[in-house]
Amino acid sequence: MIEEKENIVCPFCGCLCDDGVVKVEDNKIVGTRNLCRIGHKKFESAQHGRAESPRIRKNGELVPVTLEEAFDKAAEILVNAERPLFYGWSATCAEATQVGCELTEACRGIIDCTATICHAPSIEAIQDQGAPLSTLGEVMNRADLILYWGCNPMHAHPRHMSRYSVYPRGFFRKRGRKSRTIMVFDPRRTDTAKLADLHVQISPASDHMLVHTFREILNSYDVTHETVAGIPADAIRETMEAMAQHQWCILFFGMGLTQQMGKDRNIDVAIQLMHELNKYIGIRTTLMPMRGHFNVAGANITICSETGYPFAVDFSRGYPRYLPGETSAMDVLYRGEVDAMLNIGANPGTSFSNRALSHMAKIPLINIEPHNQQLLQISDVVFSPAMVGIECEGTAYRMDNVPIKLRKVVEPPENRLPDVVILTEILKRVKELKGKGA
Amino acid sequence: MDNKLYNLVTKEEKCYGCGNCVVACPVNAYNDPAVAGGKGPEQLDKVIMCVENGVIKILNMGLCKGCGTCIEECPDGAIGLEVNYTT
Amino acid sequence: MNEIVLKPKDHTRISLEAEVITPDSFAGKSLDEIENMMLYQGNRSVRLKERFDVSGSPCDTAADLRIIIDGDAPRTKRVGEKMSCGEIVVRGNIDMHVGAEMTGGKITVEGNADNFVGREMVGGLIHIKGNALDYVGGTARGKMEGMRGGEIIVDGDAGDHVGNFMYGGVIKIRGNVGQSAGQHMRGKGTIIIGGNSWSRVGCEAADGTILVKGKVHLSTASLGYGCIGQVVKDPELGGDVIEGEFYELRADMGYEPKCGIAKVYASVGLNEHILPGGRTSVPRKGDMPVNRDMLPYLKIYHEEMIVKGGKK
């Protein structure tokens, strides 16, 4: 008999849609309703292609072992390491990250989350400039001007527009889409751009210049160029005027702004622009990074609440230190400083540079990952956990930093423990070994 | 198919399951307050379409008056109107 | 002057954190005590003698002490951090944070230096004879105050974000610099760039002066060409008179005037490409990379500027 489980939170992207319906038959997921194509695929394929539970690399082959043996081996690797790296945390729950922080402190290593290769520049810019932020509920009820800059929610966060920002009817925006203006700043004619009222097709990597030009106009200087960033000066003036007609504006920005030349400096000026819009024109303006993984915001928040810094925290001296460029995962791997690594809830196999990966292949690597992924080929200890949000509960943070409780839909397969339990067991053994040494 | 001037046709292979059409549709929003606020439909017998298994699915064609709002909100042409001239 | 020579023994991949290598902490200690000072490596600590051969003559006053790192130390961080007097000479490459937060004395690096040279320094002199990487005279993340005083000289090239959040002091780069030189400058600091400057010079700078003897790449519209719009001959900067003709430009038009006006000087001879209809010449080897041609759109009139400058 098919059982419909309602109000299931989708653990895929930063939207964390909490209205999903999942159909379960005999502990098997057979279908979903209300979830987008990506979310449906996450649930549908959750129970296929699972990695075999604990394995250790012996003589070049991953051999199945008991959980106890795998825990012991993992703890031994971490205790013997001089500069262990604990990376990932974006596709697991906040509780696991909490244990992870404790584990990092016990091993005196570095903890870093996947933000380091996506939205870390946003965080760095916010540290420099501050940021006017809001929740998605506020956007739904108030926003009448929505800017999507360097992001494509139609592909990356398919339900973002329909669930939170553009289409829903809000308290002050009673007609939904018709009460709002959408502007998209993107060099490509994306699917999001097709839905926009205005698509500003800037030339690639010139966002910084365009933001600055907006600031010049706001500060009552004229544009001295005929064309800026591929856009005629008149069009820029008109865009600014159109923006000024609104009451409440939100800027959603993505990798297009954070990972191009200048990185955090692009967000830096964008925040400056928001500030000036608030100050001179009186449009209430806020901004929000479009976070990718379902709990990448949670990883930042949890690491920040545990250690005081949002990512790239170095415990090598026993107390937390933070300096992206010195203690961030990519930099320490690039310099070959790491001598053991634990990867959880991330797939560096597809996102790290070749040089970082080739160093990862040389060092002992503990991998906590439910599915068969590229990184298994260079992992030395493999745990296959229960999937957070599908097979066990946990807390995740939406892209606007709102915590949402993930729910359990089906029972995990045999021998699959939740991330929290795996990390706690490793932590227990690390503390025992450290105690013996002292 | 209902005997109507306009019929909704869907192309599932093009659909992202974003739900823009579900939420934008005035009939859905009027009949189901959850849809008006952006959520997925809660009363399936009162809405025209919903997203099922990650793609769009027409539930009650009879409710559709052929206003075409859903078509405007689909960037990929996964939903369209078919004019039935024979009736 | 008494000398203590530290000869690096072997290179490890994991960086040493050697903030104890300063004349201040070596002063008044015997060679034996110096040998037993603690360095940090990863999550372990090691004695200085395990990584360096120590020799020389110790002395009691830090000001009379010269520490020589006799060889390559590319994985030794924080040398000369918070030093206030004396001298450090590195005969090779050095890792990050050399001379960070120093208040006085002199550091000479004969090779190259990694990031954060003279981070948040207050006084003293750092001379890098090779190249330096990013954040020369900059800040640690999240801090709002960079270099406040002193002088940094880099004979080679420097990376991005030279003089980030700079409040004072002088940075002289003989070669080219990367992007965002002098970004967020807040005080009366001076950056003199001998070579070319990649994009976003002086962006969001509220005060201070940046002089570029080579080309200025325009990828920010906010360089206020035409705003101040005059040509200055032989400006005096950082205690030196710099020969040549320079356009005097406002660094960031977005900033409110009450914060002060940050200025960018760009040499007249090499910056014809900023003029209307001017095209960047074919890039030569060693020239700054030119990837996009956004330059001919500027409406500044060379003649007008010459006239204005001439009247002055």
Side-chain angles (χ1 to χ4, degrees), chain A residues 81-84 107-109 123-124 127-129 203-206 208-216 218-219 221-230 233 236 261-265 268-269 272-273 276 309 312 314-318 321-326 331-332 335-339 359, chain C residues 12-15 17 40-45 74-75 77 95-97 114-116 119 133-135 139-144 160-161 164-165 179-180 183-184 198-200 203-204 218-227 250 252-257 276 291-292 294-300:
Chain A
E82 258 184 74
R83 205 160 167 73
C107 301
R108 295 171 70 163
I123 296 165
E124 288 165 12
Q127 285 171 345
D128 279 352
Q129 293 277 19
S203 40
S206 54
H208 187 276
M209 197 170 183
L210 186 60
V211 180
H212 250 294
T213 314
F214 282 140
R215 287 183 55 208
E216 281 176 23
L218 275 175
N219 283 288
Y221 290 95
D222 197 13
V223 186
T224 54
H225 309 47
E226 281 164 14
T227 312
V228 178
I236 296 174
M261 192 182 77
K263 302 221 170 180
D264 55 315
R265 299 303 165 200
D268 210 315
V269 283
Q272 198 69 247
L273 173 69
E276 279 160 7
Y309 301 109
D314 182 6
F315 275 101
S316 60
R317 293 221 195 156
R321 290 184 301 169
Y322 160 78
L323 191 56
E326 189 186 357
D331 297 274
V332 280
R335 285 163 65 96
E337 283 193 32
V338 180
D339 59 353
H359 182 70
Chain C
T12 53
R13 294 188 80 86
I14 299 173
S15 296
E17 297 202 356
Y40 293 91
Q41 183 172 25
N43 53 16
R44 316 283 155 89
S45 49
R75 287 286 158 99
K77 284 176 184 169
D95 205 353
M96 297 184 196
H97 301 290
D114 210 303
N115 300 333
F116 300 108
R119 167 177 64 86
L133 276 180
D134 307 339
Y135 288 95
T139 52
R141 277 290 171 193
K143 288 194 180 174
M144 302 292 277
D160 299 341
H161 304 287
N164 185 33
F165 280 105
Q179 61 176 335
S180 299
Q183 183 147 17
H184 281 295
W198 183 229
S199 68
R200 298 168 194 183
C203 182
E204 289 174 88
L218 292 181
S219 84
T220 162
S222 99
L223 267 179
Y225 296 93
C227 179
R250 192 167 162 188
D252 191 339
M253 303 218 296
Y255 247 91
E256 290 172 68
N291 61 349
R292 266 171 299 282
M294 296 168 189
L295 308 173
Y297 305 119
L298 284 166
K299 280 183 183 167
I300 338 152

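Throughout, protein chains are lettered first and strands after them, A, B, ... in sequence-line order, and every chain is numbered starting at 1.
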Atom pair CD1 (C/Ile14) and CZ (A/Arg83), whose distance is rounded to the nearest 0.5 Å: 7.5 Å

Rounded distance (nearest 0.5 Å) linking atom CD of A/Gln127 with atom NZ of C/Lys143: 12.5 Å

Candidate pair A/Asp128 and C/Glu204, rule side chain to side chain contact (heavy atoms under 4.5 Å, CB included), full reasoning: CA-CA 12 Å; A/Asp128 279 352; C/Glu204 289 174 88; over 6 Å; no

Counterpart residues, ring-ring contact (aromatic ring centres under 6.0 Å, His included), relative to A/Tyr309 (two or more places apart): A/Tyr322

Reported CG-to-NE2 distance for the pair A/Asp268 and C/His184, which is rounded to 0.5 angstrom: 3.5 Å

Salt-bridge present (C/Asp160, A/Arg265; N to O < 4.0 Å): no

Most chain A-contacting option - heavy-atom pairs closer than 4.5 Å, from C/Asp134, C/Asn115, C/Thr139, C/Asp95: C/Asp95

Residues forming a side chain to side chain donor-acceptor pair (under 3.5 Å) with C/Arg44, sequence neighbours excluded: none

Closest non-hydrogen atom pair, C/His97 against A/Leu323: CE1-CD2, 3.3 Å

Partner chain A: residue of C/Phe165, C/Tyr40, C/Tyr135 with the largest heavy-atom pair count (under 4.5 Å): C/Tyr40

Short N-O contact, A/Asp264 and C/Arg141, less than 4.0 angstrom: yes

Spacing of A/Glu326 atom CD and C/Ser15 atom OG [to the nearest 0.5 Å]: 7.5 Å

Closest contact, heavy atoms only, C/Gly42 versus A/Ser316: O-CB, 3.2 Å

Over all atoms of both residues, closest heavy-atom pair of A/Met261 and C/Arg200: O-NH1, 3.1 Å

Heavy-atom contact with chain A under 4.5 Å, split by part of C/Ser180: side chain

Segment of A/Asp339 engaging chain C (4.5 angstrom heavy-atom cut-off): side chain

Max heavy-atom pair count under 4.5 Å with chain A, selected residue of C/Gln41, C/Glu17, C/Gln179, C/Met144: C/Glu17

Spatial distance of atom CG (A/Asp331) from atom CE (C/Met96) [nearest 0.5 Å]: 6.5 Å

Residue among A/Gly262, A/Gly109, A/Gly230, A/Gly318 with most heavy-atom pairs under 4.5 Å to chain C: A/Gly262

Heavy-atom proximity to chain C below 4.5 Å, by part of A/Val269: both

